[in-house]
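Have a look at the structure below before the remarks.
This is a predicted model, so every value here is computed, not measured. We count residues from 1, following the sequence as given.
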Amino acid sequence: MLKKILLAVAVMLPMFASAQTVKLGIVDTNAIFTAMPETTQAQTKLQEVSNKYQEEFTRLETEYKRMVDELQQMKEDELPAIKERKTREIMDYQQKIQAFENSAQQDMAQQQQNLMAPIATKIKEAIESVGKENGFSMIQAFSPDQIMYYASPVEDITTLVKAKLGLK
């Protein structure tokens with residue numbers, strides 16, 4: 001019986017010795033994202049677009065208020081057909097403002113996607129490169145609200161990825 005146990009240990013020992021160790025890493029993608037100059041450029045571009053939309057929205061609101069004030073200042077004895085036409089104009093203008101607002105929101109979302117996607121891709125490629133170069137089995141995005149505890153052998157590779165991207 002002892003011979004069988006020793007034989008089993010002798011057979012399994014080389015398998016354990018050749019087993020690859022698992023190397024785990026975490027990376028703070030938010031810190032990398034905010035440190036990238038491309039992010040600042042994209043945010044500046046988005047702010048410019050947002051400001052243009054806000055200017056147009058303010059102009060539309062001003063015109064709407066003017067129309068409402070004009071309707072409210074009509075005399076009691078104004079013809080009903082004129083009041084009705086003005087009321088319809090105001091309702092049509094409200095719909096125009098709502099359509100503009102919806103269109104602007106969709107465009108802003110699309111612009112954000114178009115500007116941020118290449119940055120996210122660049123970060124992902126840098127993480128993959130660091131992972132391959134340093135023999136990581138898995139790299140997890142660091143999210144303080146989701147990770148309860150980590151210790152050795154988990155390694156924070158945020159500085160490695162920043163270095164790969166040329167960031168400080």
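- Summarising the geometry of L167 relative to I32, their closest heavy-atom pair is CD1-O, 4.0 Å, with the distance given to 0.1 Å.
- Looking at S103, its side chain never comes within 3.5 Å of a backbone N or O of A99 through a donor-acceptor pair.
- Here R66 pairs with E70 in a salt bridge; the nearest charged N to carboxylate O distance falls below 4.0 Å.
- A salt bridge links K124 with E128: at least one charged nitrogen is closer than 4.0 Å to a carboxylate oxygen.
- The minimum heavy-atom distance between Q113 and P118, with the atom names listed, is O-CD, 4.5 Å.
- Nearest heavy-atom pair across I123 and M36 is CG1-SD, 3.4 Å.
- With respect to E55 and K52, no salt bridge is recorded, no charged nitrogen being found less than 4.0 Å from a carboxylate O.
- Checking side-chain atoms of T158 against main-chain N and O of V27 turns up no donor-acceptor pair under 3.5 Å.
- Judged purely by distance below 3.5 Å, without hydrogens or angles, the side chains of Q73 and D69 never pair a donor atom with an acceptor atom.
- Residues L24 and V22 approach most closely at CD2-CG1, 3.6 Å, considering heavy atoms.
- Using a 4.5 Å heavy-atom cutoff, the side chains of N134 and L160 are in contact.
- Under the salt bridge (charged side-chain N to carboxylate O under 4.0 Å, His left out) criterion, E38 pairs with K122, sequence neighbours left out.
- With respect to the salt-bridge test (charged N to carboxylate O, under 4.0 angstrom), the residues K164 and E133 qualify.
- The NZ atom of K23 lies 9.5 Å from the CD1 atom of I157; values are rounded to the nearest 0.5 Å.
- Interatomic distance, D156 CG to Q140 CD, rounded to the nearest 0.5 Å: 12.5 Å.
- Shortest non-hydrogen contact noted between M74 and K86 is CE-CG, 3.9 Å.
- Of the possible donor and acceptor atoms, none in the side chain of S129 sits under 3.5 Å from a partner among the backbone N and O of E125.
- Remark: E84 engages R88 in a salt bridge, criterion side-chain N to carboxylate O under 4.0 Å.
- Linking ILVMFWY residues whenever their side-chain heavy atoms come closer than 4.5 Å, directly or via other members, leaves F33 and I26 in distinct clusters.
- Taking all atoms of both residues into account, the shortest heavy-atom contact from I119 to L115 is CD1-O, 3.6 Å.
- At least one side-chain heavy atom of F136 sits under 4.5 Å from a side-chain heavy atom of E155.
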**OP:** Might you work through the salt bridge (charged side-chain N to carboxylate O under 4.0 Å, His left out) test for E61 and K65, ending with a clear yes or no?
**Re:** CA-CA 6 Å; E61 272 188 324; K65 287 176 185 174; 5.1 Å; no
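- In this structure the side chain of V161 never reaches within 4.5 angstrom of the side chain of T29, judged on heavy atoms.
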**OP:** Given side chain to side chain contact (heavy atoms under 4.5 Å, CB included), test K168 with K162 step by step and report yes or no.
**Re:** CA-CA 6 Å; K168 292 183 179 189; K162 281 184 173 182; over 6 Å; no
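- Rounding to the nearest 0.5 Å places CD of E63 at 8.0 Å from NZ of K96.
- Residues Q105 and M108 are not in side-chain contact: their nearest non-hydrogen atoms beyond the backbone lie 4.5 Å or more apart.
- Atom-to-atom distance recorded for T87:OG1 and I82:CD1 is 11.5 Å, nearest 0.5 angstrom.
- Using a 3.5 Å distance cut-off with no hydrogens or angles, the side chains of N114 and Q110 do pair a donor with an acceptor.
- F142 and V130 fall into different hydrophobic clusters, defined by Ile, Leu, Val, Met, Phe, Trp and Tyr side-chain heavy atoms under 4.5 Å apart, directly or through other members.
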Subject >> Test side-chain hydrogen bond (donor to acceptor under 3.5 Å, both in side chains) applied to Q98 and N102, step by step >> reply: CA-CA 6 Å; Q98 186 63 43; N102 291 341; 3.1 Å; yes
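- The stretch residues 84-109 participates, sequence neighbours left out, in these ring-ring contact (aromatic ring centres under 6.0 Å, His included) pairs: Y53-F100.
- Here CD1 of I90 is found 13.0 Å from CD of Q95. Values are rounded to the nearest 0.5 Å.
- Between the side chain of S50 and the main chain of L46, no donor-acceptor pair closer than 3.5 Å is present.
- Taking OG1 from T58 and CG from N51, the interatomic distance works out to 10.0 Å, rounded to the nearest 0.5 Å.
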